[in-house]
Amino acid sequence: MKRILLLFFFASAQVAFAQEPTKWQGKFEQLDQTLPTPNEYRSGSGAPGPKYWQQKADYVMNVELNDENQTITGSGTITYYNNSPDVLKYLWLQLDQNNQSPDNNSDKIKTTTLRDSSAAKTVAGDLDLWDYEGGFKIKSVKDAAGKALPHIINYTMMRIDLPQPLVPGQKVSFSIEWSYNINDGLMKRERTQFEYFPEDGNYSYVIAQWFPRMCVYDDYEGWQNKQFLGQGEFALPFGDYKVKITVPADHVVGATGSLKNAEQVLSKAQLDRLQKAKTTFDKPVVICTQEEAVQREKTKLKEKKTWEFHAENVRDFAFATSRKFIWDAQAVKIGNKTPLAMSFYPREGNPLWEQESTKAVKNALEVYSRFTIEYPYPVAISVHAAHQGMEYPMICFNYGRPNKDGTYTPQKKQGMIGVIVHEVGHNFFPMIVNNDERQTTWMDEGVNTFLQLLTELERYPEIDWTRGKPSALVPYMKGDMKRPLMTNSEQVVRFGDEQYAKAAAGLYMLRESVMGKELFDKSFKEYSQRWAFKHPKPADFFRTMEDASAVDLDWFWRGWFYTTDVCDQSIDQVKWYKMRKEQSTIENKDVKAKSGDLASGKSAEKKFDNFNNGPEPFSLVNTDPRFYGEFRSQIDDKAVMAKLQDKNVYEVTLSNKGGLVLPVIIEWTYKDGTKEIERIPAEIWRINETKVTKVFVKEKEVTNIVLDPLKETTDINQQDNVFPKPAEASSKFDDFKKKN
Ligand SMILES: [Zn+2]
């Protein structure tokens, strides 16, 4: 019995396990120990668990901009809700502005070199030679009764010690007064800045990370109080904001949230235009015109006006203000909501901005809403600021300025559309699906760059978009200086190539080449819905994508996210066979397996390095009765033989030189000129991760084989993806000529 079973398994197993596993690295093993253990807060399915909780922070703030000396003065009351099961003795707040203080750590840890000649601006930046005194000045921290609260500032973090511990289910209110000097974007490029326009002597401001913001406290790491060093952005709890912004009376303000006192800050004509924009879906309505803006540039009013904005369920609040702003808006239909897509820009942005900005906002809202969740907020704003590309809830700051005479290159326009789609897209990741950028950047930058590409390809097909496509990633994948995607933001070297482009290309590959569009889109939407207005971690994404699709992707997460392995598949050998015409009979019991026999399990001795040598013959022999084991019936050997009669049989040997396991995509070109693309799942590498051999049966004669013909896999060496190799074929031909 043992013997019969052995024979039986031998017969069926020889095709699948034709090669010995070599240098096995467990590339298909489950990520078990690598991912955090699921618990009642975060389920093994990747969904929030039954006891998932998150904190909430509401803000009521007053802020005044001083346009004379470019400073911000603010005061506010924060109400913090402890929904956690933990008792909190202290609270942590982020003071991002402190990363711009004269004594800042960013400059201290910056490595610098000197050249024999350098631009003054570069050296001033490298050595921090600016006369700029940034950083928060915290005037007071008080409890609800107005009593000073003990607090300690550790660089970009402030700890407030509570008089009574904050028990689960309770809230605490406290107030803070602060001020700081705004940085000139020309010198210190930060996510927030002012820009001075010497022609008319005015400023425009994009103001962000401008108030002490509550840190995230969660089930995953307690207080997320990792210091801000400049690269890793931030994570914040959701909450409601009521903010009054006082600016010169001739300023126009765009901000997170709904404008609550339009009647007090806009003219009758502007109010009417704003009303009209709310029902205009085909093109932007200009609310503050360029003529009005040019007029305001001259008035330079000293009086002040206060603009009031309310925002619900947002993770931050930012605003932009200038007397130079032109403002346009149009309604966008998203489900049963009609949010306003809006743009604020100085005349220096035209004609590009009046033509393209609000349109790009609309395109982003529509496409992202389809792939994720319907855009839930009342407005989405794009503000023009020089050399900016930064996102906040409902508002983002974007570059793309034409030349002085209004002309611009196609690249300028493409860059401007790209950045607006990208920054508006950030409303979804990380503003709504609230991942922690300071720890894991790809979760919003990569995911967002991927959706940005889908939006661009769909809405701007006339432009050649490449970022986020696997084919565009090849030069990066060929180079060194790589870090795994699962690297903390501050340690990333090739920030744009890795956290943006590589992560995006990975998702693009999953959708196009691994999971297929339907399964990917369903799973991705599931992730977006599960984690909208919550705080997901990488494992929640990895698990949800598998949970919703039945595709085991641990090998993909392992290779693409946790290593720097690259894809380099090659065709090592191709052998062409045809079955012999004369067939063996049942009497022919002890037929010896011949070289080239499919049944022999041994590899043929002769190599077929090109197709010109013609096929090698092989024989099928009748099945030895011992192969049937306990079965009483027999298969029809002749029928099997008939299936192979006159067929072209190819034995192809491939190797995985880069280490990364990915699907094998083969393009067959036949003698009649037709082509066929065959897709083999990555699991072909599961036994032998470096070398596989597989037999293919083709009706037609093959003249050419190409791996990854559509450049889907980031294969770093396309040279060895082709058979026969053009160069090799000709040199072989030369050898042949010499010999004869
Ligand atoms: Zn981004």
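Counting convention: from 1, in listed order, for ligands and their atoms alike.
The Zn ion (ligand 1) forms the vertex of an angle spanning NE2 of His422 and NE2 of His426; to the nearest 10 degrees it equals 100°.
Distance alone, capped at 3.5 Å, places no donor-acceptor pair between the Asp497 side chain and the Tyr476 backbone.
Distances from the Zn ion (ligand 1) show that Asp444 has no N/O/S atom below 2.8 Å.
Taking the six-membered ring wherever Trp is involved, the centroid distance between the rings of Tyr368 and Phe429 does not fall below 6.0 Å. Ring-centre distance between Phe520 and Phe450: below the 6.0 Å cut-off.
His384 and Glu348 are not linked by any side-chain donor-acceptor pair at a separation below 3.5 angstrom, with hydrogens and angles left out of the test.
Minimum-distance N/O/S atom of Glu445 relative to the Zn ion (ligand 1): OE1.
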